[in-house]
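Before any comments, here is the structure.
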Amino acid sequence: MAAPERKTQGKLPAAGMVEKRGSALWMTHALMILGVLVVFFPIWLAFVASTVTQPEIVSPPMPLLPGGHFVENYTRALFAGVNIPVATMLLNSLVMALGIALGKIAISLLSAFAIVYFRFPGRTTFFWMIFITLMLPVEVRIVPTYEVVAGFGLLNSYAGLIFPLIASATATFLFRQFFLTIPDELAEAARVDGARPMRFFVDIVLPMSRTNIAALFVILFIYGWNQYLWPLLITTEPEMNTIVMGIKQMFPSGDDTADWPVIMATSILAMIPPVIVVVSMQKLFIRGLVDSEK
Amino acid sequence: MEKRVTFKGWLLPLALVFPQILISGVFFFYPAGQAIWQSLFIPDPFGLSSQFVGLGNFEYLLSDKYYRASFLTTAIFSTLVTLVSMVPALFLAVMADRLVKGAGTYRTLLIWPYAVAPAVAGVLWLFMFNTRVGVVSWYLGQLGYDWNHVLNDGEAMGLVVVASAWGRISYNFLFFFAALQSVPRSVIEAAAIDGARFWTRFFTIVLPLLSPTTFFLLVVNVVYAFFETFGVIHTITSGGPQQATTILVYKVFADGFVGQDLGSSAAQSVILLVVVGALTVVQFRYVEKKVHY
């Protein structure tokens, strides 16, 4: 587990030896706060820009404190947008992120269960097949994958957005690792009781995997939400744009001035869902991160 | 490792793996096979037929000065992204580790940028450095520095590096912080009793103990810089000025979709495939041996 609480040895005088006191402690806090401010500055600036007017931005320097046009800019972004209302793009992103997260978890749970709890013809081949899919990000095979999706007539569809991105085996591997740690006695008992495999899967394996499923959900949701290249290729109609790829489409081509307040409001809207997921499920997120990189 | 207790039957397990086989087959193996196949051909200008050229596409690519330049650009870019994302993260993690109280709060705040998509990060940094309205570029102008990443190669590279590294600082911070928290206190206290000052302890004891984490992060950050920074580059520079920020993944896109040079794009995909394969092997071999969390 990441970041376990360090056991404080506060009662022993020696403990103070390596912990900072007084001015050094304040110095450390000051450096941390400075670090946080620097890291946060781009987000802060985007937020400020989303609350002021276009003339305030285009005559630099723009203000560094929020203005009074929050409601106006966000309403304009959500319900008018530039090419398409941002509310539509948010919905598309939500469908895509949920589809990828839930779809990948579902097919991986099933196949990991089969690999761990059965001996069937082709099992080893299958295992190596999914191992290979671990290695190739979609960025590397974009042209042929695009052709396949176009061939099925799936351009500008949710299926086209979702399916190619669930064709990777990270989740299968994670579940396999976890299922291997489930005590054999449980399967033995289920078998003796005459329980069918799927009964065992639903009653025992699924409930035991709850935490892993949740941790993986957090990681996959963010992965799906933050996709850029793939939606850029296969959504040619603005109605199907996702918010992350749609922001770039809001910049005018040529020399016109971009509608900065609306673009920045959209950027803020694009980061709110993943930030909420990460911050509110911090423990699960860190666990998922550490697990999925192992 | 294998289960000793298994269920009987083969129809059910085949049905269970079927969805994954189907999706991987249609959207992964077939396209990957196509990429390899297409890399051996040159389509005619009308796309009606194509001519078998064997390894001709690869020979052409490797002698193409733009492709070689893209390799160099990628090397510089990924080295810089790795450095710029790891060094500040390590510094912040060391600072947070010195705190008994408040470290959790800082961690919560520092996680934020990780959730921001690379493409959105690109837009945020573009906004700050925009040549007409950017706040940072304006203040640089006041200081007498004329910032223009649209024309200046080095500034364009600097901007995409910083925008790409920004979100990764969160990620690296989490791993470094977790690793620092698991460094045994007794070792550090023993060194303190021997009179070693903070930075001496850091460089002689803590840093060597962090080396498994550091190496792991090196590999994953290089993989990130190679394959997941497309959004940053597309939003900020679109590979320009000229080709100054065209990394390999961007070139696959630019040649395949913009330039419609399918044979070359497919050959580039195959080369990248080899690169990913090598990086994955390094990662797996290493992870199996050393990383303990």
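Given the structure is predicted, the values throughout are model-derived calculations rather than measurements. Numbered from 1 within each chain, the chains take letters A, B, ... in sequence-line order.
Heavy atoms closer than 4.5 Å to chain B are found nowhere in L109(A), neither backbone nor side chain. Residue contact with chain B, scored on non-hydrogen atoms closer than 4.5 Å, involves the backbone and the side chain of E188(A) alike. For chain B, the nearby part of I263(A) is the side chain; its heavy atoms alone come within less than 4.5 Å. For chain B, no part of T266(A) is nearby; none of its heavy atoms comes within less than 4.5 Å. Looking at F126(A), the atoms closer than 4.5 Å to chain B (heavy atoms on both sides) all sit in the side chain, from C-beta outward. Looking at V279(A), only its side chain comes within 4.5 Å of chain B, counting heavy atoms on both sides. Heavy-atom distances place no part of I276(A) under 4.5 Å from chain B, backbone and side chain included. Residue L45(A) touches chain B through both its backbone and its side chain, counting heavy-atom pairs closer than 4.5 Å.
Between the CG atom in L99(B) and the CG atom in L25(A) there is a gap of 6.5 Å [rounded to 0.5 Å]. One distance of note links CD1 of I33(A) with OH of Y106(B); it measures 4.0 Å at 0.5 Å rounding.
Residues F251(A) and V123(B) form a side-chain contact, since some pair of their non-hydrogen atoms from C-beta on lies under 4.5 Å apart. The side-chain heavy atoms of L12(B) and F113(A), taken from C-beta on, include no pair separated by under 4.5 Å.
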